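Step one of this worksheet: look at the structure below.
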Amino acid sequence: MRIATWNVNSINARLDGVLDWFREASPDVACLQEIKCVDEKFPTEAFESLGYNVAVHGQKTYNGVALLSKYPMEDVRKGLPGDETDEQARYIEALIVAPRPVRVGGLYLPNGNPIGTDKFSYKLAWMARLKAHAQMLLADEEPLVLAGDYNVIPEASDCYDPAAWVGDALFQPQSRAAFRELQWLGLTEAHKQVVGKTHDYTFWDYQAGAWPRNNGIRIDHLLLSPQAADRLKACTIHSHVRGREKPSDHVPVEIDLAL
DNA sequence: ATGGTAGACCTTCTA
């Protein structure tokens with residue numbers, strides 16, 4: 001079973017290119033982030049015609065996440081637990097009812113810039129809530145995949161120029177420590193299992209020729225419970241998509257789990 | 001060299 005994550009940076013501005021990739025790659029499950037629209041404006045029919053079931057947790061102008069699945073989805077949860085006052089649409093989860101069911105959480109973790117502001121505090125608080133939720137889900141001891149735009153550069157080798165990111169929320173020691181805390185719970189970062197791969201990126205800024213210079217960072221991740229990690233066969237970054245017409249600044253990342 | 005690009009949307013915010 002192949003599960004993908006992709007920050008599309010507006011689903012409606014990007015629809016043709018996104019559908020092209022879905023026709024080519026045909027993932028079984030996909031988590032989309034930054035759809036930047038309310039539920040009613042999501043192009044549900046376009047994905048249904050490709051054979052997907054659709055669950056959307058949208059928001060006007062900013063954020064917004066969606067889950068697409070060729071298998072039925074049950075137990076759909078919208079919004080990250082732990083703060084009833086949080087109105088930002090950044091989390092959606094469902095049980096994918098495949099022959100061997102997998103629970104998939106799609107997330108768009110707050111950017112957190114600039115540091116020293118309430119935006120950075122919100123990022124860290126959101127990560128603490130994600131940790132608590134992951135801990136609760138892991139207690140089930142079932143296959144679980146938490147996939148999305150984590151807005152965290154885990155290691156210096158996950159960016160082209162570490163020095164350029166030292167003051168950025170994505171590379172702060174606190175952000176990276178909170179990302180490691182998720183892994184200490186027992187979650188395995190899929191890309192790290194791909195032997196010998198460093199300096200692989202999932203995001204290239206639109207500015208300053210970042211893509212032609214390969215000035216990228218790796219911030220889109222898939223974290224797996226032991227029951228999912230045991231079945232991990234591959235983790236693939238679809239970098240070539242960044243070079244297409246009207247691209248997102250992120251590219252799809254896809255894992256393959258043994259059936 | 002403190003720029004540059006992109007999307008949503010009303011003028012600036014977020015990334």
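Being a predicted model, the structure only gives us computed values, none of them experimental. We name chains A, B, ... by the order of the sequence lines, and we start the count at 1 in each one.
Distances were taken from every side-chain heavy atom of Glu34(A) (C-beta onward) to each of dA15(B), dA8(B), dT14(B); the shortest belongs to dA15(B).
Using a 30° and 60° split on the angle between ring planes, His199(A) and Tyr201(A) fall in the perpendicular class, above 60°.
Taking atom NZ on Lys123(A) and atom P on dT14(B), their separation rounds to 15 Å, with Å as the unit. Distance NZ (Lys41(A)) to C1' (dG7(B)): 14 Å, rounded to an integer number of Å. When the C1' atom of dT14(B) is taken as reference, atom CD of Gln59(A) falls 11 Å away, rounded to whole Å. Atom P of nucleotide dT14(B) and atom CD of Gln88(A) are separated by 9 Å, given to the nearest angstrom. Tyr122(A) has its OH atom 12 Å from the P atom of dT14(B), to the nearest Å. As rounded to whole Å, 16 Å separates atom C1' of dT14(B) from atom CD1 of Ile35(A). Nucleotide dA6(B) holds its C1' atom 8 Å from the CG atom of Asp249(A), rounded to whole Å. Following rounding to the nearest Å, Asn7(A) (CG) and dA6(B) (P) show an atom-to-atom distance of 16 Å.
Using P as the reference atom, dG3(B) and dG7(B) are 22 Å apart when rounded to the nearest Å. Here the separation of dT12(B) from dT2(B), taken at their P atoms, is 23 Å to the nearest Å.
Side-chain nitrogen and oxygen atoms of Lys119(A) include at least one within less than 4.0 Å of the OP1 or OP2 phosphate oxygen of dT14(B). Contact annotation: Arg14(A) reaches the phosphate of dG7(B) (side-chain N/O to OP1 or OP2, under 4.0 Å). For Lys246(A), a side-chain nitrogen or oxygen approaches OP1 or OP2 of dG7(B) to under 4.0 Å.
Glu48(A) pairs by the side-chain contact (heavy atoms from CB on, under 4.5 Å) definition with Thr44(A), Glu45(A), Val54(A), not counting sequence neighbours.
Under the side chain to side chain donor-acceptor pair (under 3.5 Å) criterion, the residue pairs touching residues 178-188 of chain A are Lys131(A)-Glu181(A), with sequence neighbours excluded. A side chain to side chain donor-acceptor pair (under 3.5 Å) check over residues 165-178 of chain A, counting only residues at least two apart or in different chains, returns the pairs Asn113(A)-Asp168(A).
A donor-acceptor contact closer than 3.5 angstrom links the side chains of Asp83(A) and Thr85(A). In the model, Trp204(A) has a side-chain atom that pairs as donor or acceptor with a side-chain atom of Asn214(A) under 3.5 Å. No hydrogens or angles considered: nothing links the side chains of His250(A) and Asn9(A) as a donor-acceptor pair under 3.5 Å. In this model, no donor atom of one side chain and acceptor atom of the other lie less than 3.5 Å apart for Glu142(A) and Ser225(A).
Residues of residues 147-170 of chain A having a heavy atom closer than 4.0 Å to DNA chain B: none are found. Within residues 202-216 of chain A, the residues approached by DNA chain B to less than 4.0 Å at the level of any non-hydrogen atom are Tyr206(A), Gln207(A), in residue-number order.
Grouping Ile, Leu, Val, Met, Phe, Trp and Tyr by side-chain contacts under 4.5 Å, direct or through others, puts Leu107(A) with Leu80(A), Tyr91(A), Leu109(A), Tyr122(A), Trp126(A), Met127(A), Leu130(A), Met136(A), Leu137(A), Leu138(A), Leu144(A), Leu146(A), Tyr150(A), Val152(A), Phe179(A), Leu182(A), Leu185(A), Leu187(A), Leu223(A).
Mapped onto DNA chain B by nearest heavy atom, Asn12(A) and Tyr108(A) fall at different nucleotides, with Asn12(A) at the one closer to the 5' end. Nearer the 5' end of DNA chain B, as judged by each residue's closest nucleotide, is the contact made by Asn9(A), out of His250(A) and Asn9(A).
Sparse packing is recorded around NZ of Lys41(A), with 12 or fewer heavy atoms of other residues, nucleotides or ligands lying under 6.0 Å away.
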